[in-house]
Amino acid sequence: DGGITQSPKYLFRKEGQNVTLSCEQNLNHDAMYWYRQDPGQGLRLIYYSQIVNDFQKGDIAEGYSVSREKKESFPLTVTSAQKNPTAFYLCASSSVGRVSGNTIYFGEGSWLTVV
Amino acid sequence: SQQGEEDPQALSIQEGENATMNCSYKTSINNLQWYRQNSGRGLVHLILIRSNEREKHSGRLRVTLDTSKKSSSLLITASRAADTASYFCATVWSGAGSYQLTFGKGTKLSVIP
């Protein structure tokens with residue numbers, strides 16, 4: 001089936017640890033995104049990438065890093081520099097170019113908890 | 001920022017009633033989209049309305065867009081308990097080599113059976 005796969009669904013991080021959230025899509029989309037969602041809040045953009053080997057910071061990039069070595073993959077690393085990482089993380093993708101028709105497709109999310 | 005702001009933040013209605021949610025934004029857009037999120041899940045695209053459109057329908061959903069007031073509304077008719085979810089508007093702007101997609105904080109809809 002076509003879609004976006006995020007893993008793991010639940011992840012626990014110890015203080016001072018880096019963790020990586022995986023995001024894979026088989027929709028042949030050029031653009032991919034990472035959002036953070038805190039309880040009862042909207043989505044805030046962490047990073048986005050519109051093409052392989054290129055990515056841009058979003059509104060809350062500090063303490064996070066990404067890579068885009070392949071079109072279908074956009075992993076997010078939550079570093080120890082992120083002081084409050086406990087949140088729900090959503091990966092998304094969209095086609096780029098036909099701007100007026102861009103729909104964003106989301107994965108099922110990953111819950112990260114600091115212990 | 002042209003972040004959309006949904007109103008109300010929470011809405012509770014009886015099954016069978018209509019639910020109306022509003023979204024306001026600040027700057028020019030190419031299109032506006034509405035998404036639904038069940039608790040603890042990813043967002044699902046519901047409907048997209050372009051800046052040159054004023055109204056759009058999809059099943060029990062009706063979306064309006066007023067670019068002069070920079071606002072949009074989502075109407076769900078004959079609501080069902082399964083419509084219980086959070087609903088987000090997202091504004092899309094593209095130009096000068098830039099592309100922005102910005103989500104609001106959402107309206108939490110509860111439909112009581």
Checklist entry - Does A:Q37 reach the side chain of B:F103, with side-chain heavy atoms less than 4.5 Å apart? => result no

Item to check | CD/A:E69: more than 12 non-hydrogen atoms of other groups inside 6.0 Å | outcome: no

Checklist outcome for this item: So, the part of B:Q9 with a heavy atom under 4.5 Å from chain A: the answer is neither

Next on the checklist: Ignoring hydrogens, what is the shortest heavy-atom contact between B:L43 and A:F106? Give both atom names and the distance.
Outcome noted: O-CB, 3.4 Å

Checklist entry - According to a 4.5 Å side-chain heavy-atom criterion applied to Ile, Leu, Val, Met, Phe, Trp and Tyr, with indirect links allowed, do A:Y48 and A:V52 form part of one hydrophobic cluster? => result no

Checklist entry - Looking at A:T103 and B:Q33, what are the two nearest heavy atoms and their distance? => result CA-OE1, 3.9 Å

Next on the checklist: Hydrophobic cluster membership, with links at side-chain heavy-atom distances under 4.5 Å among I/L/V/M/F/W/Y: are B:M21 and B:L32 in one?
Outcome noted: yes

Checklist outcome for this item: Residue from B:A90, B:G40, B:A10 scoring the most non-hydrogen pairs under 4.5 Å with chain A is B:G40

Checklist entry - Which answer fits A:Y105, side chain, backbone, both or neither, if we ask what part of it has an atom under 4.5 Å from a heavy atom of chain B? => result neither

Checklist entry - Any chain of hydrophobic side-chain contacts (each under 4.5 Å) joining A:M32 to A:F55? => result yes

Checklist outcome for this item: Heavy atoms of A:F88 and B:R41 approach each other most closely as CE2-O, 3.5 Å

Checklist entry - Considering residues, nucleotides and ligands other than A:I51, do more than 12 of their heavy atoms fall under 6.0 Å from its CD1? => result no

Checklist outcome for this item: Of all heavy-atom pairs linking B:Y35 and A:I104, the shortest is OH-N, 2.9 Å

Checklist entry - Would one find more than 12 heavy atoms of other residues, nucleotides or ligands at under 6.0 Å from atom NZ of A:K9? => result yes

